[in-house]
Amino acid sequence: MTRTMKTRALMPFPFLRWFPLSAEKLRADRVAGITVAFFYLIKIHPLLMAAWKVNRMGALTGVFTFVATLSMALSIANGVLAGVALTIIIFLVRRMKPRAVLLGQM
């Protein structure tokens, strides 16, 4: 399968979830065209690589938030709250580990 065929096969699914009442009216080629145009408009790969080089956990948190927001398309606030919750959990886990420098001073 070529990349275009995979794109046309997989891209309608998020849009069908966003528009449940008009799902039968959407055509796969239109949805795929709009999605491909959107992804070419926003270059995702350079953003991910730059974020990955700066902070890997931050990049993973951003990807998780993006995927959660897309999967919960009807209630976007829940996707954002999932990302915020993950950020708080990562922050707390990092702060719970004692540092050797602080332990040596005691």
Side-chain angles (χ1 to χ4, degrees):
M1 267 180 126
T2 64
R3 184 177 180 196
T4 307
M5 292 171 64
K6 288 180 187 176
T7 303
R8 287 189 181 206
L10 296 176
M11 286 302 136
F13 295 114
F15 286 94
L16 292 178
R17 183 167 176 145
W18 290 343
F19 305 105
L21 298 176
S22 62
E24 65 274 358
K25 296 179 184 177
L26 292 175
R27 294 195 41 157
D29 55 346
R30 290 183 192 161
V31 172
I34 291 169
T35 307
V36 169
F38 174 75
F39 282 122
Y40 281 117
L41 179 67
I42 298 175
K43 303 292 183 190
I44 295 174
H45 191 273
L47 290 174
L48 285 177
M49 289 299 109
W52 186 261
K53 288 178 184 176
V54 173
N55 185 358
R56 290 184 180 177
M57 287 305 289
L60 291 175
T61 305
V63 169
F64 173 79
T65 305
F66 180 72
V67 170
T69 305
L70 283 182
S71 65
M72 301 178 193
L74 296 178
S75 56
I76 293 175
N78 290 340
V80 174
L81 285 175
V84 169
L86 180 66
T87 304
I88 291 171
I89 290 170
I90 290 172
F91 175 77
L92 291 176
V93 167
R94 283 184 178 174
R95 295 297 175 220
M96 280 195 254
K97 294 180 183 176
R99 295 183 184 164
V101 175
L102 295 177
L103 291 176
Q105 292 177 356
M106 294 182 154

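In what follows, every heavy atom counts, from backbone to side chain, and hydrogens, waters and symmetry copies are set aside.
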ILVMFWY cluster membership beyond Val93 - transitive side-chain contacts under 4.5 angstrom |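 When side chains under 4.5 Å apart are linked, the cluster holding Val93 also contains Ile89.
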
* Got a sec, which hydrophobics cluster with Met49, joining ILVMFWY side chains under 4.5 Å apart, including via others? ->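 Members besides Met49: none; it forms no cluster.
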
Residues 75-87 side chain polar contacts: donor-acceptor under 3.5 Å, at least two apart:
residue: Ser75; atom: OG; partner: Asn78; partner atom: ND2; Å: 3.0
residue: Thr87; atom: OG1; partner: Gly83; partner atom: O; Å: 2.8

task = Apply side chain to side chain contact (heavy atoms under 4.5 Å, CB included) to Val63 and list each qualifying residue two or more places apart in sequence or on a separate chain.
result =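 By the side chain to side chain contact (heavy atoms under 4.5 Å, CB included) rule, Val63 matches Leu48, Val67.
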
Set of side chain to side chain contact (heavy atoms under 4.5 Å, CB included) partners for Arg94, sequence neighbours left out =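 For Arg94 the side chain to side chain contact (heavy atoms under 4.5 Å, CB included) partners, ignoring immediate neighbours, are Asn55, Met57, Ile90.
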
_Show the nearest heavy-atom pair for residues Thr69 and Thr65, with the distance to one decimal._
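Here Thr69 and Thr65 meet closest at OG1-O, 2.7 Å.
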
